Amino acid sequence: QVQLVESGGGLVQPGGSLRLACAASESVFNAYRMGWFRQAPGKQRELVATITNGGTTHYADSVKGRFTISRDNAQLTVYLQMDSLKPDDTAVYYCNAHKTWLDYWGQGTQVAVSP
């Protein structure tokens, strides 16, 4: 069974930073594309960033230049470094593991950006 566990969410002021972490099952981490999605109240879940096991990254336009996704293969962990946070970044952030026709999700971690 696949298990994804997020951590690192919290409350920060605009312009602040947070670093999210997702610890993944070994089989999924090695074989799946890892990524982060987020969902704000009343809105659809949207892609934030992805990273392949080869290191190729992709970012949503709204976070490009502010967020950085990375992976530590030894620790089986994917990170999302979030800098210059804005109120619009407020959402529940979900870790995702993806392979063709399959998706696994963590339980989510809350990020709130407010004065």
Side-chain angles (χ1 to χ4, degrees):
Q1 189 174 2
V2 172
Q3 189 170 24
L4 304 173
V5 181
E6 302 102 331
S7 62
L11 173 64
V12 296
Q13 296 184 2
S17 297
L18 283 173
R19 191 188 195 195
L20 307 183
C22 172
S25 302
E26 182 175 4
S27 61
V28 170
F29 190 86
N30 290 333
Y32 284 62
R33 184 196 71 194
M34 304 299 299
W36 291 93
F37 287 66
R38 67 187 183 186
Q39 187 168 24
K43 296 186 177 181
Q44 296 287 327
R45 186 173 298 186
E46 64 176 350
L47 184 146
V48 177
T50 62
I51 185 167
T52 69
N53 56 9
T56 300
T57 59
H58 170 80
Y59 298 93
D61 289 341
S62 60
V63 307
K64 192 172 297 183
R66 300 187 299 119
F67 291 10
T68 303
I69 189 171
S70 62
R71 58 191 291 154
D72 187 327
N73 293 337
Q75 298 294 322
L76 302 177
T77 303
V78 61
Y79 300 94
L80 185 68
Q81 178 67 44
M82 304 185 294
D83 299 320
S84 301
L85 283 162
K86 306 174 180 179
D88 285 348
D89 296 319
T90 296
V92 177
Y93 284 70
Y94 296 91
C95 184
N96 167 257
H98 171 78
K99 191 162 64 173
T100 305
W101 312 121
L102 296 174
D103 284 283
Y104 297 98
W105 301 93
Q107 292 299 307
T109 184
Q110 176 71 56
V111 172
V113 185
S114 179

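In what follows, residues are counted from 1 in the order of the sequence shown. These figures come from a predicted structure and were not determined experimentally. Just so it is clear, the values below take in all heavy atoms, side chains as well, and ignore hydrogens, waters and symmetry mates.
Between L80 and A49, the shortest heavy-atom distance links the atoms CD1-CB, 4.3 Å. Residues S84 and S17 share a closest heavy-atom pair of N-OG, 4.4 Å. Here the closest non-hydrogen pair linking I51 and R33 is O-CG, 3.6 Å. Nearest heavy-atom pair across V28 and A97 is CG1-CB, 3.1 Å. Here the shortest heavy-atom pairing between W36 and C22 reads CZ2-CB, 3.6 Å. Here the closest heavy-atom approach between residue M34 and residue A24 is recorded as CE-CB, 4.1 Å.
With rounding to the nearest 0.5 angstrom, the CG atom of N96 is 9.0 Å from the OG1 atom of T50. Interatomic distance, CD of Q81 versus CD1 of I69, reported as 12.0 Å (0.5 Å rounding).
Summarising the hydrophobic clusters (Ile, Leu, Val, Met, Phe, Trp, Tyr; side-chain heavy atoms under 4.5 Å, direct or chained), the residues clustered with F37 are L47, V92, Y94, W105. In this structure, L11 stands alone, with no Ile, Leu, Val, Met, Phe, Trp or Tyr side-chain heavy atom under 4.5 Å from its own, directly or through other members.
Clustering ILVMFWY residues whenever any of their side-chain heavy atoms sit less than 4.5 angstrom apart, transitively, puts Y32 in a cluster other than the one holding Y79.
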Note to self: Evaluate L85 against F67 for side-chain contact (heavy atoms from CB on, under 4.5 Å), listing each step before the verdict.
What the structure shows: CA-CA 9 Å; L85 283 162; F67 291 10; 3.8 Å; yes
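Remark: the backbone N or O of G54 is paired with a side-chain donor or acceptor of T52 at under 3.5 angstrom. Judged purely by atom type and a 3.5 angstrom limit, E6 uses its side chain to pair as donor or acceptor with the backbone of Q107. A distance-only check finds a donor-acceptor pair linking the side chain of Q110 to the backbone of A91 [under 3.5 Å]. A donor-acceptor pair is defined here as one N or O able to donate and one able to accept, closer than 3.5 Å; such a pair exists between the side chain of T90 and the backbone of V113.
Side-chain contact between R66 and M82 is absent, with no heavy atoms from C-beta onward closer than 4.5 Å. Put simply, the side chain of F29 does not reach to within 4.5 Å of the side chain of T77, judged on heavy atoms.
Checked by atom type, the side-chain pair N53/N30 shows no donor-acceptor distance below 3.5 Å.
Remark: D89 does not engage K86 in a salt bridge, criterion side-chain N to carboxylate O under 4.0 Å.
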